[in-house]
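First comes the structure, then the notes that go with it.
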Amino acid sequence: MNVPTEHLLILAAVLFSLGALGFLLRRNLIVILASVELMLNAANLTFLAGARAHSSVGPLNLDGPIFALFVILVAACEAALGLALVIAFYRQKQSVDIEAAAELRG
Amino acid sequence: MASPLFYALSAIAILCALGVVIARNPMQSVLNLLGSFVALAAIYLLSGFQFLAAAQILVYAGAIMVLFIFVVMLLNLTDREEGQPILMGLFNGRVIGSLAVFAGLAVSGLISTTGNFAAVDASAHGGDLDNMESLAGVLFSKYMLPFEAASLLLLATLVGVMLLAKRERSGSQDGGQA
Amino acid sequence: MITLATLAQAPSALEQSFQDVFTGGATAALMPFMALAVGALLMLLVDIIKGAEMLRPVVVVASLATAIVTAWCQVSEPAMQVLGGTYGVSPASAIFTLIFCIGALFAWIYGLGYYEGRLRQFSGEYDMLLLSAPAGMILMVGAGDLLVFFIGLEILSLPLYALSAFRRNRTDSVEAGLKYFLLGAFAAAFFLFGTALVYTATGTLNIGELASMFQGEVARSPIALVGGALLMAGIFFKVSVFPFHLWVPDVYQGSPTPITTLMATGTKAAAFGFLVPATFLLPPAATGIIAAMALLTMAAGNLGALVQTNVKRMLAYSGIAHAGTVMLLMAGILASGGSDEVRSESVNATLFYMAAYLFTSTGAFGLLAMLEREGEQMITLQGLRGLGRRRPAVAAAMTVFMLSLGGIPATGGFFGKFMVFMVLVEQKMIAVAVLGALLSVIALGYYLRIIVTMWMQPLAEGEADRQAPSTLPASVVTGVCAAGVLFMGLMPGWFIGLLG
């Protein structure tokens with residue numbers, strides 16, 4: 001596939017911005033977590049785009065794929081812990097609306 | 001030429017990402033996310049990252065998605081949660097702020113792509129850019145520390161999740177009843 | 001035919017490269033990290049064996065003590081890189097390690113007897129997470145590679161998300177955990193995207209290689225600029241820099257107070273331990289922006305604190321202001337054009353500031369943890385009234401901490417601020433230094449208000465006979481913190497001598 005690196009990066013930037021938009025715009029905690037996953041995926045795509053560009057001109061550059069592998073691992077950890085927090089929150093508020101998190105103000 | 005395929009997959013990924021952001025029902029959001037993951041996995045495969053594509057499908061589309069869907073089902077969420085349709089409240093501060101951040105990120109992201117990148121040679125290294133043997137070679141030598149530390153991370157996450165989600169043993173009653 | 005026996009005999013290429021990387025120094029360099037990781041594992045083991053509960057404190061203290069001793073040995077040794085350049089120890093990283101481990105130990109001691117009965121069944125999990133968090137911090141300051149740094153960041157963050165929601169039957173604690181998690185996940189995504197862009201620009205993750213590449217052509221390419229900025233923004237979230245500070249007071253207030261002590265001191269020290277040396281990722285043109293952000297952070301923290309009546313929340317705002325002060329160092333480094341001399345001077349100032357802040361902030365939050373056990377309302381300004389008459393020792397210690405937070409001479413906080421402003425003055429950033437000093441004076445307003453409330457205002461009706469459930473270990477730690485603050489203020493030379 002001879003798609004230039006720029007196009008991969010543009011795709012990643014669009015996905016990242018959409019993820020950030022979802023994170024800030026939405027109030028449903030599940031959707032907010034989904035948006036974070038979207039942002040992490042955009043980062044992964046960028047790592048692979050970089051690895052591809054650098055491997056094309058020199059020896060195999062494996063730092064990018066390895067980092068991407070670790071990002072997948074961390075994404076799984078964050079999803080698990082985040083959903084556990086959402087469940088704990090739901091037990092108290094019967095809601096997954098971020099606006100319900102309003103105890104602490106001042 | 002695989003390029004048309006790439007642009008088609010990109011379009012799917014972006015449309016699904018948009019779906020995540022605007023779907024009213026959390027379940028639709030999560031399913032759109034799944035579509036985005038799968039499209040990205042296909043792009044990884046096209047770009048020469050077979051192992052990463054497999055990991056993406058197995059971990060993201062498999063494990064993480066199941067977790068999300070499980071929680072949505074468990075909590076029995078519907079679209080009642082959010083008060084107003086998003087487009088109706090377009091003029092409140094939160095929406096304007098979010099859109100401003102979105103625009104800023106998109107613009108800076110696009111600016112970042114104006115550099116000089118070497119032309120991509122699809123045949124380099126036989127088109128296999130994450131050869132599993134080389135990957136393992138780096139992972140178990142240079143990146144041994146993060147690899148080992150990741151096990152502590154997974155363990156701590158496990159313990160943390162248990163701590164948050166486990167029901168308490170109440171002192172007098174039989175724990176099995178809860 | 002390949003059999004298991006032949007595989008075992010002939011060293012494969014993989015084994016060879018493993019042996020190249022894993023040299024003898026690696027074990028010694030990683031000792032503090034390994035002590036905590038082993039402690040965390042042992043904790044889980046001890047927790048499931050019936051009748052072994054009394055071993056839990058032994059495991060916590062032993063692993064933290066091992067980490068402290070091994071880190072102390074590293075302070076006097078020369079810097080070295082191990083594991084193919086992915087990890088390194090230096091006197092600075094060893095002192096940071098000491099700060100984290102002592103902070104964790106203090107946080108653990110303040111947690112003894114803090115939690116109500118039903119939560120005690122989770123002590124094993126609690127202790128395990130409390131040992132993991134400093135292990136992550138150690139990786140962050142020792143990292144020679146962005147991947148190691150990121151894994152360290154996550155090992156620090158995920159346990160703290162869970163710990164801040166530890167009192168899960170309380171709505172404020174779960175809310176704090178949730179907000180901390182959302183903030184941290186957003187920050188991690190920024191960090192990752194920035195790292196990915198920097199990697200695309202340079203093709204390396206090694207911090208040393210990045211530092212030399214960013215002095216040349218690479219630094220001016222748009223992708224490296226955007227990447228460096230996003231990477232830094234991700235860490236700015238972690239240290240509550242303006243405009244990323246909004247949820248931080250909520251998180252600090254809602255979390256269990258012993259955990260707040262660790263978040264306020266350890267997380268901040270670990271993040272600045274990376275930020276200050278890694279300032280090279282930002283272009284020199286960003287000097288003004290960074291200085292403005294630092295000053296706005298100080299202003300947001302100090303002005304926010306002025307109107308608080310809950311002392312825990314007030315100290316959370318004060319923590320934001322302190323993050324702003326340390327961040328001024330980054331502006332100083334940028335103004336110097338990234339000279340090595342200014343950088344090492346700034347790292348020393350960060351170390352001093354953070355060591356003094358460790359004692360001050362841990363002591364102050366820890367005292368609140370002790371007072372909280374008399375009742376929730378005791379940590380409001382109203383509840384502190386007449387404390388000097390009721391519990392003079394507690395009030396005296398609190399006075400020392402408040403004076404140090406305010407930067408009064410003869411306390412550790414003074415010399416920390418002094419060193420920061422010295423760096424700025426040397427870089428001819430007089431205006432920034434003056435503004436920073438003025439904002440610090442505003443801060444005295446609320447620190448003195450606490451002191452006045454404690455000593456000058458009469459006890460509320462019926463408070464005089466309130467009996468304090470004081471515990472010996474927490475009192476000892478508070479005494480040590482107060483002594484540490486005064487020692488660093490009266491004899492700063494000893495600590496500066498450590499820095500070499």
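Scored by the salt bridge (charged side-chain N to carboxylate O under 4.0 Å, His left out) test, D172(C) finds R170(C) as partners (sequence neighbours excluded).
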Report the C-alpha distance between L145(B) and L147(C) in whole Å, list the side-chain angles of each, state the deciding distance to 0.1 Å, and finish with yes or no for side chain to side chain contact (heavy atoms under 4.5 Å, CB included). CA-CA 10 Å; L145(B) 175 59; L147(C) 177 53; over 6 Å; no

The test is side chain to side chain contact (heavy atoms under 4.5 Å, CB included); show your working for L163(B) and R168(C) and say whether it passes. CA-CA 9 Å; L163(B) 191 62; R168(C) 59 200 195 141; 5.8 Å; no

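For A40(C), the part lying under 4.5 angstrom from a heavy atom of chain B is the side chain only. When heavy atoms are compared at a cutoff of 4.5 Å, A135(C) approaches chain B solely by way of its side chain, counted from C-beta outward. The contact between F166(C) and chain B is made entirely by side chain atoms (from C-beta outward), counting heavy-atom distances below 4.5 Å. Neither the backbone nor the side chain of L225(C) comes within contact range of chain B; no heavy atoms are under 4.5 Å apart. The contact between F33(C) and chain B is made entirely by side chain atoms (from C-beta outward), counting heavy-atom distances below 4.5 Å. Heavy atoms closer than 4.5 Å to chain B are found in both the backbone and the side chain of I155(C). Proximity to chain B is limited to the side chain of L158(C), based on heavy atoms less than 4.5 angstrom apart. Of the atoms belonging to L205(C), it is side-chain heavy atoms, and not backbone ones, that fall under 4.5 Å from chain B. Looking at L131(C), neither its backbone nor its side chain comes within 4.5 Å of chain B, counting heavy atoms on both sides.
Taking every heavy atom of both residues into account, D145(C) and K142(B) meet most closely at OD2-CE, 4.5 Å. Minimum heavy-atom separation, A37(C) to L152(B): CB-CD2, 4.2 Å.
Contact annotation: the side chain of L155(B) approaches that of M128(C) to within less than 4.5 Å [non-hydrogen atoms, C-beta and beyond].
Counting non-hydrogen atoms of other residues, nucleotides and ligands closer than 6.0 Å to CE of M132(B) gives a total of 12 or fewer.
For the atom pair CG of L158(B) and CD of E125(C), the computed distance is 10.0 Å after rounding to the nearest 0.5 Å. Note that OG of S151(B) is 10.0 Å distant from CD1 of I151(C), once rounded to the nearest 0.5 Å.
Of all residues spanning residues 184-195 of chain C, those with a heavy atom less than 4.5 Å away from chain B's heavy atoms are F190(C), arranged by number.
Your options are G85(C), A162(C), A229(C), and the one with the most heavy-atom pairs under 4.5 Å with chain B is A162(C).
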